[in-house]
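Just follow the structure's listing: the first ligand is 1, and inside any ligand the first atom is 1.
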Amino acid sequence: MLENYVSGKWKSGQGDGEPLLDPVLGNELARVSTKGIDMGAALDYARRVGGPALRAMTFAERAKMIDAIAKLFIAKRASYMEIARDNSGNTERDASFDIDGAIGTLRYFAKIGSSLGDTKYVRDGEPFALGRDASLQAIHLATPRTGAAIHINAFNFPAWGTWEKAAVALLAGVPVVSKPAAATALLAWQMVKDVVDANLLPDGAFSLIAGGIGDLLDHVEANDVIAFTGSAATAARVRGHQRVVELGVRVNCEADSLNAIILGPDVADLGQFTDEIVREMTLKSGQKCTAIRRILVPRDRISGAAEALQAALTNIKVGDPRREGVVMGPVVTKKQQTSVREGIADLRKEASVLFEGKSIEADDPERGAFVAPMLLQSNDSANASAVHDIEVFGPVATLMAYDSVDDALQLAARGKGSLVTSIVTADEALGMNAALQLAQSNGRVMILNESVRAANPGHGVVMPSCVHGGPGRAGGGEELGGLRGLWFYLQRTAIQGPDAQIKALAQNGAVLAV
Ligand code: NAP
């Protein structure tokens with residue numbers, strides 16, 4: 001039974017708990033339970049003990065602490081890779097994406113955090129006079145919120161999800177109460193266990209809820225913040241939770257997204273376009289919030305694009321990640337496998353199958369939660385709806401024909417708010433114009449052509465220096481973005497008063513130059 005780390009102690013939940021399974025072999029790895037855990041006391045401890053300890057530190061001191069966590073994870077990386085394989089069915093490539101993503105993000109925030117120096121609060125802008133002379137001045141200052149940061153994460157990134165949020169909250173000076181998704185909690189649990197054992201954080205600065213959410217949200221207070229990542233349905237429940245609404249608790253949601261890629265009419269060589277799509281469909285078996293779900297192609301290029309994608313997908317070996325040459329593993333649970341199959345059935349009502357992988361390289365393919373890659377083609381792009389509404393969280397994407405660039409941009413916007421859309425084009429005017437139009441419905445837009453091919457980390461990669469999130473269906477949230485990410489954890493206040501005091505306060509504030 002994985003224990004919860006609350007009120008500065010490891011505590012077991014009651015009962016049998018829920019099993020965590022190996023999605024390839026089906027065997028049980030551990031159990032989680034939060035039954036009987038006093039969630040109110042856990043939050044109170046974070047606020048009362050962790051918060052003051054963090055706020056007593058400067059940004060530079062907190063940055064150093066974050067750097068120490070990153071260094072610890074680098075030393076333990078090999079053991080984390082094994083856990084990711086066992087509990088999430090990750091290949092090396094998948095596990096690296098999650099674990100190295102976590103380490104990279106921690107290191108990034110350690111570095112930019114140290115640039116804030118020995119300051120404890122933030123100054124937003126310069127002091128300015130309010131009255132007819134300079135005696136009364138005002139300054140906007142932002143101080144760490146005195147509540148707890150409740151982090152609720154999705155099953156697909158137990159490492160990155162936990163630490164991309166924690167890095168920013170801890171740097172801001174706010175204690176974290178982190179809840180990984182139950183099904184894949186083993187990796188997050190082990191990482192937290194290692195941090196606690198190494199004594200890298202002040203008491204109360206980090207708590208772990210390893211299992212169900214229980215009544216955690218019934219104990220929120222006005223100064224807490226909630227950063228949620230998961231499905232749009234759960235996001236709506238979190239946002240609509242009665243106490244959260246009544247107290248006006250600050251909430252950030254990162255939810256579903258039907259991300260798109262557009263092939264520009266000018267592109268003759270499909271290599272870059274195909275590489276991008278195949279990587280997005282197969283990395284983490286398509287279980288990435290940023291993965292490409294909709295592929296928009298000029299109508300007269302559809303058959304060429306279909307052929308190129310089919311040929312590339314044929315080379316993807318699916319199976320047990322322990323086997324040599326396997327590129328794509330299973331989805332995380334049998335439940336997810338069922339959900340992906342149901343989603344495919346819904347998409348197929350409006351689309352035809354262009355490619356479906358057949359062979360699974362595993363001792364017992366039926367036992368594992370395998371889903372072969374599938375490429376669909378929309379029968380009628382203009383009138384299709386499922387492809388714009390249903391996020392199938394697996395190795396599945398749908399080709400759609402467009403008649404003009406405007407048509408493509410309108411189709412992309414039918415995702416009702418996405419995390420990211422890419423356009424492949426060497427036409428500079430087209431790329432820039434499309435980016436500005438796509439910006440309204442996307443948190444991130446990528447213009448791709450040969451000039452950035454070597455430097456491109458990938459459509460689905462969330463860079464800690466860039467904002468992550470998207471409008472509408474994608475949750476309406478925004479995380480990361482370098483030092484911009486700190487704002488969520490800070491309370492900005494306009495302080496008005498005598499000239500000398502306002503200027504002295506301003507002088508001691510860090511400027512978030514991002
Ligand atoms: P989920 O079912 O919505 O669960 C997300 C988290 O919410 C889990 O930790 C879950 O706990 C918890 N939860 C469940 N019920 C809750 C409630 N009533 N109140 C508060 N929290 C509750 O999502 P998932 O299946 O884990 O993740 C897949 C989804 O996440 C996909 O739709 C994907 O697009 C999205 N995602 C988005 C991003 C992004 O950055 N936008 C990133 C990754 C994933 P339990 O596990 O204990 O049920």
Engineer: Ligand 1 versus Arg237, non-hydrogen atoms closer than 4.0 Å: side chain, backbone, both, neither?
Structural biologist: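 For Arg237, only side-chain atoms sit under 4.0 Å from ligand 1.
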Engineer: Take Gln336 and Ser339 through the test side chain to side chain contact (heavy atoms under 4.5 Å, CB included) and record every step on the way to the result.
Structural biologist: CA-CA 5 Å; Gln336 274 307 118; Ser339 154; 4.3 Å; yes
Engineer: For Phe155, is at least one N or O under 3.5 Å away from an N or O on ligand 1?
Structural biologist: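 Yes: some nitrogen or oxygen of Phe155 is under 3.5 Å from one in ligand 1.
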Engineer: Can the ring centroids of Phe206 and Trp163 be said to lie less than 6.0 angstrom from one another?
Structural biologist: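 Yes.
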Engineer: When Met281 is tested against each of Val396, Leu313, Ile292 for side-chain contact (heavy atoms from CB on, under 4.5 Å), which residue passes?
Structural biologist: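 Per the side-chain contact (heavy atoms from CB on, under 4.5 Å) rule, the option paired with Met281 is Leu313, out of Val396, Leu313, Ile292.
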Engineer: For atom 23 (O) of ligand 1, what's the nearest protein heavy-atom neighbour? Residue, atom name and distance, please.
Structural biologist: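 Heavy-atom neighbour on the protein nearest atom 23 (O) of ligand 1: Ser231 N, 3.4 Å.
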Engineer: Is it the side chain (CB and beyond), the backbone, both or neither of Thr290 that lies under 4.0 Å from ligand 1, heavy atoms counted?
Structural biologist: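 Neither part.
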Engineer: What atoms in ligand 1 come closer than 4.0 Å to a heavy atom of His468?
Structural biologist: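 Listed by number with element: 39 (C), 40 (O).
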Engineer: How far is atom 14 (C) of ligand 1 from the closest protein heavy atom, and which atom is that?
Structural biologist: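 The protein heavy atom lying closest is Thr234 CG2, 3.7 Å.
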Engineer: Please work out, at 4.0 Å between heavy atoms, whether the side chain, the backbone, both, or neither of Asn156 comes within that distance of ligand 1.
Structural biologist: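 Side chain only.
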Engineer: Tell me which protein heavy atom sits closest to atom 12 (C) of ligand 1, plus the residue, atom name and distance to 0.1 Å.
Structural biologist: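 The closest one turns out to be Ile152 CG2, 3.7 Å.
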Engineer: Could you walk me through whether Lys165 and Thr229 pass the side-chain hydrogen bond (donor to acceptor under 3.5 Å, both in side chains) check?
Structural biologist: CA-CA 10 Å; Lys165 285 187 171 61; Thr229 296; 2.5 Å; yes
Engineer: Might you confirm whether atom CD of Glu28 has over 12 heavy atoms from other residues, nucleotides or ligands at distances under 6.0 Å?
Structural biologist: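 Count over threshold, so yes.
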Engineer: Decide whether Asn259 and Ser257 meet the rule of one side-chain donor and one side-chain acceptor closer than 3.5 Å.
Structural biologist: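 Judged by distance alone, the side chains do pair up.
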Engineer: Are Asp16 and Arg31 close enough, and set up right, to give a salt bridge (charged side-chain N to carboxylate O under 4.0 Å, His left out), and what steps lead you there?
Structural biologist: CA-CA 8 Å; Asp16 294 339; Arg31 282 181 172 256; 5.6 Å; no
Engineer: Looking at ligand 1, would Gly475 count as a contact under a 4.0 Å heavy-atom criterion?
Structural biologist: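 Distance cut 4.0 Å: Gly475 fails for ligand 1.
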Engineer: Between ligand 1 and Leu217, is the shortest N or O to N or O distance under 3.5 Å?
Structural biologist: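 Checking ligand 1 against Leu217, no N or O pair falls under 3.5 Å apart.
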Engineer: Using a 3.5 Å cut-off on N or O atoms only, is Ala182 in polar contact with ligand 1?
Structural biologist: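 The answer is yes, given that Ala182 and ligand 1 share an N or O pair closer than 3.5 Å.
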Engineer: For the 3.5 Å polar cut-off, considering only N or O atoms, please tell me whether Thr229 and ligand 1 meet it.
Structural biologist: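 In fact, backbone or side chain, Thr229 has no N or O that close.
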Engineer: Could you tell me the residue and atom name of the protein heavy atom closest to atom 35 (C) of ligand 1, and the distance to it rounded to 0.1 Å?
Structural biologist: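 For atom 35 (C) of ligand 1, the nearest protein heavy atom comes out as Gly230 O, 3.2 Å.
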Engineer: I need the nearest protein heavy-atom contact for atom 45 (P) of ligand 1: residue, atom name and distance, please.
Structural biologist: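 Result for atom 45 (P) of ligand 1: Lys179 NZ, 3.5 Å.
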Engineer: Does ligand 1 have a heavy atom under 4.0 Å from the side chain of Glu479, from its backbone, from both, or from neither?
Structural biologist: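 For Glu479, no heavy atom sits under 4.0 Å from ligand 1.
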Engineer: Test Ser378 against Arg294 for side-chain hydrogen bond (donor to acceptor under 3.5 Å, both in side chains), laying out the working first.
Structural biologist: CA-CA 10 Å; Ser378 180; Arg294 301 177 295 150; over 6 Å; no
Engineer: Distance under 4.0 Å to a non-hydrogen atom of Val238: what atoms of ligand 1 satisfy this?
Structural biologist: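 It comes down to these atoms of ligand 1: 19 (N), 20 (C).
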Engineer: Report, in ascending order of atom number, the atoms of ligand 1 lying under 4.0 Å from any heavy atom of Leu419.
Structural biologist: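 The list of qualifying atoms is 41 (N).
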Engineer: Enumerate the atoms of ligand 1 whose separation from the nearest heavy atom of Asn153 is less than 4.0 angstrom.
Structural biologist: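 Near Asn153, the atoms of ligand 1 are 5 (C), 6 (C), 8 (C), 9 (O).
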Engineer: Is it the side chain (CB and beyond), the backbone, both or neither of Ala235 that lies under 4.0 Å from ligand 1, heavy atoms counted?
Structural biologist: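 Ala235 to ligand 1: no contact under 4.0 Å from either part.
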Engineer: Please report the interatomic distance CG(Asp98) to CG(Asn156), rounded to the nearest 0.5 Å.
Structural biologist: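 Going from the CG atom of Asp98 to the CG atom of Asn156 covers 8.0 Å.
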Engineer: Can you pull out the closest protein heavy atom to atom 36 (N) of ligand 1? Residue, atom name and distance to 0.1 Å, please.
Structural biologist: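 I find the closest protein heavy atom is Cys289 CB, 3.6 Å.
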Engineer: Take every heavy atom of His241, measure it against each atom of ligand 1, and state whether any distance is under 4.0 Å.
Structural biologist: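 It does not, in that no heavy atom of His241 comes within the 4.0 Å cut-off of ligand 1.
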Engineer: Is any NZ, NE, NH1 or NH2 atom of the basic residue among Arg322 and Glu82 found under 4.0 Å from an Asp or Glu carboxylate oxygen of the other?
Structural biologist: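 A salt bridge is absent here (no side-chain N lies under 4.0 Å from a carboxylate O).
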Engineer: For ligand 1, note which part of Asp256 has a heavy atom under 4.0 Å away: side chain, backbone, both or neither.
Structural biologist: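 Both of them.
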Engineer: Mark whether atom 48 (O) of ligand 1 lies under 4.0 angstrom from at least one protein heavy atom.
Structural biologist: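 Neighbour list for atom 48 (O) of ligand 1 is empty of protein heavy atoms (cut-off 4.0 Å).
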Engineer: Return the orientation label for the His151 and Tyr489 ring planes: parallel under 30°, perpendicular over 60°, tilted otherwise.
Structural biologist: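 Correct class here is perpendicular.
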Engineer: Show me which atoms of ligand 1 lie under 4.0 Å from any heavy atom of Glu391.
Structural biologist: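 Those atoms are 31 (C), 32 (O), 33 (C), 34 (O).
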Engineer: For the CD atom of Glu92 and the CZ atom of Phe97, what is their distance to the nearest 0.5 Å?
Structural biologist: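 The distance works out to 15.5 Å.
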Engineer: Please determine whether a side-chain nitrogen of the Lys or Arg among Asp197 and Lys193 lies less than 4.0 Å from a carboxylate oxygen of the Asp or Glu.
Structural biologist: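 Salt bridge: yes.
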